[in-house]
Novice: 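I have a structure here, written as structure tokens, and I will follow up with some questions on it.
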Protein chains: 2
Amino acid sequence: MELGNQQAFRALADPSRRAILRHLAEQDMTIAEVASNFEMTRAAVKKHLKILEEGKLISVETRGRERINKLEPMALKPVSDWFNFFNQFWDKRLSTLEKAVETHASQNNKPTKN
Amino acid sequence: MELGNQQAFRALADPSRRAILRHLAEQDMTIAEVASNFEMTRAAVKKHLKILEEGKLISVETRGRERINKLEPMALKPVSDWFNFFNQFWDKRLSTLEKAVETHASQNNKPTKN
DNA sequence: TAAAAGAGATACCAAATGGTATCATATATA
DNA sequence: TATATATGATACCATTTGGTATCTCTTTTA
């Protein structure tokens, strides 16, 4: 029943890890490359990467002696979706537009009951 | 430059606190009322509420001897917006629908260039 | 093959976290 | 006024967290 993914939420709680994700959005990177963007030891960065991996927010490909860290953006989607529950409270305008999206979407899928 | 709000991200990292937000979305509640929904002491719940308050995700109104905790849904918006950066990576379909939304939106606002 | 480079594995540390228990304070209410 | 109720405030505890330092292992490369 728990929407989203606890490990992902946990991973996103730290600002360094969010920054790492933004960097990995630009390009895949080795641990050392990620570390070069921060004032942190490589070991510290590796810990962050491990937590991001546990949240499935990144995947890792071993290539020779290197570990290529790669963003897994789809893992962010369920987290983002958790927030959609609260759309109803945000602005009415957004809510209205989302209904339009639903309607539009149903043209390519089977109609939903709402 | 830091999009979103660190205190809010931190507050959302804990599953109990996310559950509390869902409850408060239903109705405003006193500390004791919130606590009645969990197998936690009132003190523990109060700590969570304090962290949610620090993240500005809830506001508190003192009424007599009671403290009414109220959801502040707008505070979730900047956090949700942080994820929008990654929209570009999600599925093309969503991306397409969002363009449709933009187009639709422009009917009620001034026209956009797309 | 020897040396350098990238990463893994531990061990360690201070601070933050999530929780409890206990006592104090303020406010309704019988 | 006495008492019950709702909350506040501490103090305490075990675990997690974010970080460093150090040593080892593996893979390149001179």
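Per chain, numbering begins at 1; letters A, B, ... match sequence-line order. Since this is a predicted model, take the numbers as computed values, not measurements. Note that these values count all heavy atoms, side chains included, but never hydrogens, waters or copies made by symmetry.
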Novice: Between B:Asp14 (CG) and C:dA16 (P), how many Å, whole number?
Specialist: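 The distance from CG of B:Asp14 to P of C:dA16 comes to 17 Å, rounded to the nearest Å.
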Novice: Can you measure A:His48 atom NE2 to D:dT16 atom C1' for me and round it to whole angstrom units?
Specialist: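 A:His48 atom NE2 is separated from D:dT16 atom C1' by 14 Å.
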Novice: Among the candidates D:dA21, D:dG8, C:dT20, find the nucleotide nearest to the side-chain atoms of A:Thr41.
Specialist: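 Nearest nucleotide to the side chain: D:dA21.
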Novice: Quickly work out the B:Asp28 CG to D:dA6 P distance and round it to whole Å.
Specialist: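 Value for this atom pair: 17 Å.
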Novice: To the nearest Å, give me how far apart CZ (B:Arg67) and P (C:dT25) are.
Specialist: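 It is 18 Å, rounded to the nearest whole Å.
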Novice: In this structure, how many angstroms lie between the C1' atom of C:dT25 and the NZ atom of B:Lys46, rounded?
Specialist: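 Interatomic distance, NZ of B:Lys46 to C1' of C:dT25: 12 Å.
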Novice: Can you find a pair of side-chain heavy atoms, one from A:Met29 and one from A:Asn37, that are under 4.5 Å apart?
Specialist: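 In short, these two side chains touch, coming nearer than 4.5 Å.
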Novice: Using whole Å, report how far CG of B:Asn69 lies from C1' of D:dT7.
Specialist: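 In whole Å, D:dT7 C1' and B:Asn69 CG are 11 Å from each other.
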Novice: Quick one: B:Ile68 CD1 to D:dG8 P, roughly how many Å, whole number?
Specialist: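 Rounded to the whole Å, the gap is 11 Å.
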Novice: For C:dG18, take OP1 and OP2 only and decide whether either is under 4.0 Å from a side-chain N or O of B:Ser16.
Specialist: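 Result: no.
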Novice: To the nearest Å, give me how far apart NZ (B:Lys47) and P (D:dT7) are.
Specialist: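 So the NZ-P distance, B:Lys47 to D:dT7, works out to 18 Å.
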Novice: Does the A:Arg17 side chain pair with the main chain of A:Leu12, one donor and one acceptor, at a distance under 3.5 Å?
Specialist: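 No, the answer is negative, given that no donor and acceptor are paired below the 3.5 Å cut-off.
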Novice: So, B:Thr30 and B:Glu66: side-chain donor and acceptor under 3.5 Å apart, yes or no?
Specialist: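 Absent: no donor and acceptor within the cut-off.
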Novice: By nearest atom, which of the nucleotides D:dG18, C:dG8, D:dT20 is closest to the A:Met40 side chain?
Specialist: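 Between D:dG18, C:dG8, D:dT20, the one nearest the side chain of A:Met40 would be D:dT20.
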Novice: Select base, sugar-phosphate, or nothing to describe what A:Thr62 touches, counting heavy atoms under 4.0 Å on all strands.
Specialist: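 Nothing: the residue A:Thr62, judged by heavy atoms under 4.0 Å, touches no strand.
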Novice: Are any of B:Arg10's side-chain N or O atoms less than 4.0 Å away from OP1 or OP2 of C:dT17?
Specialist: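 Checking B:Arg10 against C:dT17: at least one side-chain N or O falls below 4.0 Å of OP1 or OP2.
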Novice: If you define the side chain from C-beta out and look only at heavy atoms, does anything of A:Phe86 sit under 4.5 Å from B:Arg22?
Specialist: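 Yes; the side chains approach each other to less than 4.5 Å.
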Novice: At 4.0 Å (heavy atoms only), tell me whether A:Ala44 reaches a base, stays on the sugar-phosphate, or touches nothing.
Specialist: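 Base: the residue A:Ala44, judged by heavy atoms under 4.0 Å, touches a nucleobase.
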Novice: Would you say B:Arg10's side chain and A:Ala13's backbone share a donor-acceptor pair under 3.5 angstrom?
Specialist: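 It does not hold such a pair.
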Novice: For nucleotides 28-30 of chain C, tabulate all protein N/O to nucleotide N/O atom pairs closer than 3.5 Å, reporting atom names and distance.
Specialist:
unit_1 : atom_1 : unit_2  : atom_2 : d
C:dA28 : OP1    : B:Arg65 : N      : 3.4

Novice: Would you say the rings of A:Phe38 and A:His23 are close, in the sense that their centroids are separated by under 6.0 Å?
Specialist: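 Ring centroids of A:His23 and A:Phe38 are less than 6.0 Å from each other.
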Novice: Would you name the heavy atoms of A:Glu72 and A:Ile58 that are closest together and state the gap between them?
Specialist: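 Closest approach of A:Glu72 to A:Ile58: CG-C, 3.7 Å.
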